[in-house]
Every structure is written in C-alpha cells, then in structure tokens.
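Single-structure report; data block below.
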Amino acid sequence: MPQPYRVTSVDPADCHHALQAGLEILKGVGLVRAAQLVGRGLATIEDLLYHLPFRYEDRRDVSAIAEVGAGESGSLVGRLTSLRAGRLRGGRRRILTAVLTDDTGSLELVWFNPPRYIADALRVGQRLAVYGRIAPERGARLSLPHPEFEILDEESERRPEVRPVYEKPGDVSQANLRGWAAQALERFGGFLPSFLPSELAERQGLMDLNQAMEVIHRPDSAMAPDALEKARTTARRSLAFDEFFYFQLALALRHRQRRDTPGFSSPARPGSLTARMRELLPYRLTGGQERVLREIYRDMESPNPMRRLLQGDVGSGKTVLAWLSALRAMENGRQALLLAPTELLAEQHYERLRPYAERLRIRSVFLSGSLPAAVRKEITERIGDGEVDFVVGTHALIQEGVSAPRMGLGIVDEQHRFGVSQRSAFARLSLRDEAAGGGAGEPDLLLMSATPIPRSLAMVLSGDLEVSLLDEAPPGRTPVRTVVVQEGQRQRVYERVRSAVADGRQAYLVYPLVEESQKMPMAAAESMARELSRTVMRGLRLGLVHGQMPTAERDQVMRRFRQGEIQVLVATTVIEVGIDVPGATLMVVEHAERFGLAQLHQLRGRVGRGRDESHCVLIHYGSRDDDSRRRLEVLEQAADGFEVAEADLRLRGAGEVLGTRQAGFQGFRVAHLVYDSEMLQAARQEAHDWLARNPSLRGKVSRRVREELRYRWGEAMQLGTWAD
Ligand code: ADP
Ligand code: MG
C-alpha cells in the first residue's frame, strides 16, 4: 500500500551533505573498492541510490528441472548430489562442476576458474536455490554455467525472492550491489530530499523519494507480481517527476530573470540596411525564412533580450537570416557579432558576407586566434572603440578580452559546440567595459544549430529559449541521393569516385576510427591514406584530415579542398559541419553502421551544395538482413533532417541524439525526455503554477524548494541572483 508523500524533515543542506558521503562509509566497502567505484561513476551514496536496477528477477517462480530447456533462464531449487573440482585439458583453467537434483531430474552447474568462496561454500547434500540461464547447447545433460546461488539451510524460512539486477560497475557482484543499496537506504533513506509541496505530490500521485527507492531497490517479496510492477511504475514516475519539476522550475525562473532584464529595442527602420539588403539578395526568401525572420524581428523589437534558437537543417539558409538580423541591430546603431566554432567556418561566413557588407558600407572585421598578435590587438581595440559594426570570429572573441560596448546582437553558429558559460560570456561582451558606455542592457542572442532536434525535444527547450524551426530547403536544390551498399561492392564505389573526379568533381571518403587504430589514430589514418594513393586512388590528388591533426593544419587541407586543389578528401573525423564545397558531389562513408543516423545525415549535407546531382554512398559491413542495415536504409528514404532525427531518437535515445554537451540535459538520472514527455508537460505546468503562487519563493516550503533548486540547477543554469 503506498503511503502518503512524506516531506523530508531534515534541513536540505544536511540532506545534501549526508548524501554526498563516499561509499567507503558502507560496511563491506573499503577504501580501495570505493576508489574503484568512483572511477565507475559511483562516488557517493546518492550515486549509488540512483544507480537503478535495469531489471528484476522473480525467483519465487521456481521451475522443476525437467521443465526447463536449453537456453532458458529460471529459478531452480534442489539438492547438491555431486561436486567435483578439476582442471580443463591443458591444465590452465580450473573447473568446478556440481549436480543439482530435484524430484523431476538433474542438471549440471559449472564454474570456470571460480573464486575460492564458491568451492568453500558448497557441500554435497546442501539444499540450494540457483538462478541463471541454461547453456544453449544440449550435451549429455543440461548445464547451467555460472549460476547465482543461495544455500537454503534446512530450518530457515528463507524463500526465493524478487531481486533487482544492476548494471555492474566493474568487478562487483550483484549480491554486493544489493547489499550496499539496502545499507544505504537503511542509513541514508531519511536524507533523500523529498521537498515537493505535498499537495502537488498528492495531485500527481507521487511517492516520496525514500519510499520510491525502497520499492526500487528492495522489492517486497510478499507482494504479487502485478502489484509490484505497479508500485515500481509509481516509484519510477516519482523519481522522474522530481527531476522534471526542478528542471522546469529552473527554466521558469531563468525565463523570469530574463524578462526582468533590460535589453534593447531594435525596431524596423524604413529605407535602411535591411531593406537595401533585400534588394541585393540574388533570390527570394522562402516562406519558412520569412516566418522565422518575423519571429526574430519580433523579439528584437521587444525591449527584453532575445534568446532564440534557430534550428535548421544543413543548407536550409540560416546564414542569410543571421545576416538580416545583424543588419537590424546595426541599423539601430548597434554592433552585431557572429561567433563560429572553428576558424574555417568563421572564415567562410566572413568571406560570404563581406561583399554585402562592402556594398552596404558596413565596417566589418574578422577575428581569430591565428591572426598575428599585433593584428588581433588592433582589431580588438577597434571593436572596443565602437569603430566596427560587424564582427565575425572564433573563440578568440570571448578569450581575447574583447569588449563590444555597442553590442546589440550576438549570433552563435553551431551553438551546441559551445558550453553554457561560453555562450553567456559572449552575451556579456558589451558589459565588459562599462566606462565606455557598455552595460546599458543585455544584447539579443540568436543561437543557430544544424543538428535538428526533434520537435518533441525542442519543446522542452522552449521553457528557456524560444525556438524557430526552418524546415524546408531553399528551392532549386536537388536532394542528395543516398544508397546503402554492401562491403563487397567497394571496388565499384571506388570506380565511382574515380569517374566523379574524371568529370571534374570532388569526393569525400569518410572512415570511422576502427577499434585497434584508436590508440594511434594518426599513424593509422596516414598509412591508410598512403595505401589508398598507391592502390585504388592512384593518380588522384588526395588530402587527409583526422582528429588528431592540429586545427591549423586541418583548416589548411580543407582550404585546398575548397579551392579544388585536392580532389578526394579522406577523413577519419567528422568533417566540419557547415563546410561548403559546391564542387563536391560524392560522399562515401565506410563502415556506415558505426555512425549515428543524425551524424550520417550531417555528413551527406556536405554534398548537394551545387547545381549537380550529388550522391551519398553508405558502405555497410555485415549481412544484408542485419538491423544495422535496415537502420541505414532510413536514410535512403528520409531526406529531411527532422525526420532523420526522429528516427535516430527512436533508435538510440535522447542522450545520444542531443549529445552530452546540450546544456541542461546532464541533470536527469531517471527521467527520459522522450518517453516521459507527458510527465514533462505535467511537471512544467506544476512548476509554472507553483511559481505563480509563490513568486517570492519565501515561506517554509518555498525555502526548501528553493534550496533544492539551487543545489541541483543553480550553477548549470546560473540562477544566481534570485536566491538571497
Ligand atoms: P545553413 O547555414 O542553414 O547551412 P546556408 O545559409 O549556408 O545554410 O545556405 C545554403 C545555401 O543556400 C547558400 O548558398 C545560400 O546562398 C542559399 N540560399 C539561402 N536561402 C535561399 C533562398 N531562399 N533561395 C535560394 N537559395 C538560398
Ligand atoms: Mg551554416
């Protein structure tokens, strides 16, 4: 019977402190073991409690030995009728065999190189409960390798139980994990921070965290299977809801903070830069681009700082929107800065936009770490003096002490390549030099990303960022034709590369790093390139980029490829997102099964940038009817990045799709952004309602919620100012 939600009575600070205890505090965990566990991500009591079982074994359902078949798993109870220790032929491996017999038959238990304690514990005549999976092949008699077992002594009332099964952090037994979790609950369960307002918990049917952890780590073997299952569902939901609630509350607060921050209003100015730019554009904006631009302009007109995420597939035409936004800031007398993750991308943006800047008489500069120090200094000064209107740059913008006193708009390209703190440092460039008149307000921020996040996830972000989706390609683009081929057809693929080059085109050849080469990727990549140029690619001008190359060198190779000097680019690293080489029409990916779909979609976005039809060939290693091949075939059909992202999400889960760098997503240990999306909505509603009723976050309940919030999200979300 679920009990009502009990709000933890201990002070939040004491709870956090207690749960941060190292695992050596548990009996049976020594310092050495504890240190090993830290290496496996289990450093504290809290980590241990949140290390949830991934399944349960219901050992209460005991089978008769005669009933179980080869390859099946189950729980058996019998008596040991024989026990023999020996060595395998060759003598190096020890083997322990035992025979377990019940009323219906017998079966062999086998251990190879068993730890001492097993042989020491077992005696012929003992009653034993065993659990495991019977070997798939049938010898003279069924055999059960490495069973888990429990000695049932005659008088004890011990019965087979329901047991949690954990992912093992290294060389630790399930029994140890279960024991430690139980100990942790005994001693620390009362510190689990159940601080949700109790009427909310009741409305949502939640358990407090202590109870939920009990249900999860110590299933009650007196309960019926379906009652257990139901309790577990509620327990898991309670843990996840707890995570979502604080997350949504943090987002809501951040939203509120921003609403209260002064920014700039950049209204439309007739006859000005934006209007003139539109006349210079060689094409018309698509309906989608117009819509997004209206969304951006609406934010820019508002007196509060914009925080808008622009999601659009590779080649969907984000750059022109960034530029038209920058012009809106400039025509209002402010500076616009564009930050790109690599030198090459920054350079490309700058080169593309410079002709327009010149026509419009805009003073623009480029700043990157590779410029000579004296030049950097001079540019930095000109930005600081407000002599420059438009700046394109790399990380150097945030690192070199740049201050942009008139900064009205910051644009971040490939925003997920930057951390939260880098993005916010960028937004604060105008505040660096208050004496020079900066600091009057926070600039607008436009974050761009070509890694399409499925709509369901984009919704989550909208708690803090507004999201614009650009989901149609500009007209006149021929979609890239994608085919999956088997490894056996590689020679034919190489022929295609040669004939593309013969026609004056260029090609990419992408290799994943194979396991054995990971240790020395450089040597492996270089020897592979040499091998290729001696054999199938002989006579072609090959270039090589790999992950260990210094950036400057890699950029140099990319530049030569862009200029057509290199015909085939061999890459063992994922090629820069956003690189634009119109002459490249063929993308070949070796071992495509090792890449995620979204990654492959990014890769094929490198071609199809010119007028000629482009192709992407995915070479699959494995058999034709492997799941991995079917997964790749998704790309033959789906041309749109959002479609691919949805498929990828279904196949791989959110963590992978978002990447760990997506700010604000590291915090969930239980909740799942996709599968729990309904709960997420509910948590969002609750968080908003609660904040509306408790705007000052004062009072006893509020104080606890606030403490908890600060503990969980204060730093990641930079919720500094609201907490007293
Ligand atoms: P993204 O930055 O989203 O990857 P780009 O801004 O680089 O995409 O745009 C890709 C190409 O499409 C560029 O060459 C750009 O000039 C062109 N383009 C953008 N918008 C349009 C449009 N409305 N019509 C035709 N071409 C466009
Ligand atoms: Mg781009």
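Residue numbers count from 1 along this sequence. Numbering of ligands and ligand atoms starts at 1, following listing order.
Within ligand 1, counting atoms from 1 as listed, the ones closer than 4.0 Å to a heavy atom of Thr319 are 2 (O), 5 (P), 6 (O), 7 (O). Here is the list of ligand 1 atoms found below 4.0 Å of a heavy atom in Thr286: 23 (N).
Salt-bridge check for Asp627 with Arg630: passed, with a basic side-chain N closer than 4.0 Å to an acidic carboxylate O.
At least one N or O atom of Gly317 sits closer than 3.5 Å to an N or O atom of ligand 1.
Considering only heavy atoms from C-beta on, Glu590 stays 4.5 Å or farther from Leu509 through its side chain.
Between the Arg406 side chain and the Gly386 main chain, a donor and an acceptor come within less than 3.5 Å of each other. Under a 3.5 Å cut-off, the side chain of Glu331 and the backbone N or O of Ala268 do not form any donor-acceptor pair.
The part of Leu285 lying near ligand 1 is the backbone, judged by heavy-atom distances below 4.0 Å. Within the 4.0 Å heavy-atom criterion, the part of Arg284 lying near ligand 1 is the backbone and not the side chain. Contact annotation: for His349 versus ligand 1, there are no heavy atoms closer than 4.0 Å.
Among Lys318, Gln348, Met448, Arg352, the residue whose heavy atom sits closest to atom 3 (O) of ligand 1 is Lys318.
For the ligand labelled ligand 1, residue Ser316 lies inside the 4.0 Å heavy-atom shell.
Between His349 and Phe366, the distance separating the two ring centers is not shorter than 6.0 angstrom.
Looking at every heavy atom in both residues, His546 comes nearest to Leu544 through CD2-CD2, 3.9 Å.
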